[in-house]
Amino acid sequence: MATNDSIGILNSAYLAVEFLDSFLPQNPLQQPFKDAWNYMLDNYTKFQIATWGSFLVHEMSFFLLCLPGFIFQFIPFMKKYKIQQDKPETWENQWRCFKTLMFNQFCIQLPMILGTFYFTEYYNIPYDWESMPRWYTLVALCFGCAVIEDAWHYFLHRLLHHKKLYKYIHKVHHEFVSPFGMQAEYAHPLETIILGTGFFIGIMIFCNHVILLWAWVICRLLETIDVHR
């Protein structure tokens, strides 16, 4: 009975949002986005879109989201908002962070992303524009992914802080005493795999279009970079 009530509430909420959405003005970016999406489908294979496209979305989103915090360190007016003003990060440390990021992103994350194509093929996940979910559906699905990933991250993160494990894996992530956005993905390769697995669990459960993968990537990066700067 409780399950039926919950489903009924969710259906009612969906219909209410759909009704409100019908009153919103047409998004001026929708047509250019549609044209760009269809151009991508016409000129690239599903393998290229699911792998290199996903990797490109990750790289561009990651460094663009890190860019404001990186620039702020050179603006005197913004320095007063830095919490640890007596612990500025050096160029040497930031360069070390960048080199580790490149290794993790190309040697650890990219191979994990390569599995995306086979996942979409096996479960027949659509790529076409007509099957793309509406914005409010994407928001709801990203929220579901966030709940699952957050639970996974909480328990595995606590495990990595265990005194018998910490110095071998998670200690790498805490090498910087004054965190900055780019440090969000600075971690031991094993930690990248362990905590990164949580990102894909929600996708495996909720994915109904390849666009969800990209939307969830951006949401997750926005959250993790924000808490590290």
Side-chain angles (χ1 to χ4, degrees), residues 14 17 21 24 26-69 101-102 104-150 152-153 181-182 184-185 187 192-193 195-228:
Y14 178 84
V17 174
D21 180 62
L24 295 177
Q26 182 73 21
N27 185 349
L29 297 178
Q30 181 173 328
Q31 189 60 46
F33 181 58
K34 179 181 179 180
D35 294 339
W37 189 269
N38 286 328
Y39 177 85
M40 178 184 69
L41 294 178
D42 292 337
N43 290 275
Y44 299 95
T45 65
K46 286 185 176 181
F47 178 81
Q48 291 172 321
I49 294 170
T51 53
W52 297 112
S54 298
F55 186 66
L56 185 61
V57 167
H58 175 275
E59 294 301 287
M60 290 181 61
S61 301
F62 181 81
F63 287 106
L64 283 174
L65 291 170
C66 286
L67 187 60
L101 282 179
M102 290 297 96
N104 284 343
Q105 291 177 351
F106 280 90
C107 300
I108 306 296
Q109 294 177 8
L110 180 56
M112 294 176 74
I113 291 174
L114 286 174
T116 302
F117 168 72
Y118 301 101
F119 167 75
T120 60
E121 285 294 292
Y122 185 81
Y123 289 100
N124 198 29
I125 303 299
Y127 289 65
D128 61 293
W129 175 265
E130 289 70 23
S131 301
M132 190 179 295
R134 295 285 294 170
W135 65 268
Y136 45 84
T137 303
L138 274 178
V139 169
L141 293 176
C142 284
F143 177 76
C145 290
V147 171
I148 293 172
E149 195 279 337
D150 193 58
W152 175 273
H153 188 277
M182 197 165 58
E185 291 191 353
T192 300
I193 296 172
L195 296 184
T197 300
F199 171 88
F200 292 99
I201 297 175
I203 290 295
M204 294 175 67
I205 296 172
F206 297 117
C207 193
N208 59 357
H209 195 280
V210 72
I211 192 66
L212 175 62
L213 173 63
W214 294 359
W216 173 224
V217 164
I218 296 171
C219 290
R220 183 66 184 96
L221 287 176
L222 178 63
E223 185 274 335
T224 191
I225 291 170
D226 180 63
V227 301
H228 282 90

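This one's a predicted model, so the numbers in the text were calculated from it and none came from an experiment.
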Validation: residues 56-67 side-chain donor-acceptor distances under 3.5 Å, sequence neighbours left out:
{"unit_1": "His58", "atom_1": "NE2", "unit_2": "Gln109", "atom_2": "OE1", "d": "3.3"}
{"unit_1": "His58", "atom_1": "NE2", "unit_2": "Glu185", "atom_2": "OE2", "d": "2.9"}
{"unit_1": "Ser61", "atom_1": "OG", "unit_2": "Val57", "atom_2": "O", "d": "2.7"}

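Nearest approach of Asp128 to His209, heavy atoms of both residues: O-NE2, 2.7 Å. Contact record, Ala50 with Tyr127: CB-OH, 3.3 Å, taken as the closest heavy-atom pair. Annotation for Ser54 and Leu213: closest pair OG-CD2, 3.4 Å, computed over non-hydrogen atoms.
Taken to the nearest 0.5 Å, the CH2 atom of Trp52 stands 10.0 Å off from the CD atom of Gln48. Rounded to the nearest 0.5 angstrom, Thr51 OG1 and Ile113 CD1 are separated by 9.0 Å. Residue Thr116 holds its OG1 atom at 8.5 Å from CZ of Phe119, rounded to the nearest 0.5 Å. Once rounded to the nearest 0.5 Å, the distance linking CD1 of Ile108 with CD1 of Ile193 reads 5.0 Å. Atom-to-atom distance recorded for Thr224:OG1 and His153:NE2 is 6.5 Å, nearest 0.5 angstrom.
Taking the six-membered ring for Trp and the full ring otherwise, the centers of Tyr122 and Tyr118 sit at least 6.0 Å from each other.
The side-chain heavy atoms of Leu101 and Met182, taken from C-beta on, include a pair separated by under 4.5 Å. Side chains of Phe200 and Ile148 form no contact here, defined as non-hydrogen atoms less than 4.5 Å apart. Using a 4.5 Å cut-off on side-chain heavy atoms (C-beta onward), Asn208 and Tyr123 make no contact. Counting only heavy atoms from C-beta outward, the side chains of Trp214 and Ile49 approach each other to under 4.5 Å. Pro133 is not listed as a side-chain neighbour of Leu212, based on a closest heavy-atom distance of 4.5 Å or more.
No donor-acceptor pair closer than 3.5 Å links the side chain of Asn38 to the backbone N or O of Trp129. Within the 3.5 Å criterion, the main-chain N or O of Tyr39 finds a donor-acceptor partner in the side chain of Asn43.
The environment of Met112 atom CE is dense: over 12 non-hydrogen atoms of other residues, nucleotides or ligands sit within 6.0 angstrom. Enclosure of atom CH2 in Trp37 by more than 12 non-hydrogen atoms of other residues, nucleotides or ligands within 6.0 angstrom is indicated.
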**OP:** May I have the step-by-step check of side-chain contact (heavy atoms from CB on, under 4.5 Å) for Phe47 and Thr120, ending in yes or no?
**Re:** CA-CA 10 Å; Phe47 178 81; Thr120 60; over 6 Å; no
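Aromatic ring orientation, Phe199 versus Trp216: parallel (interplanar angle below 30°, classes split at 30° and 60°).
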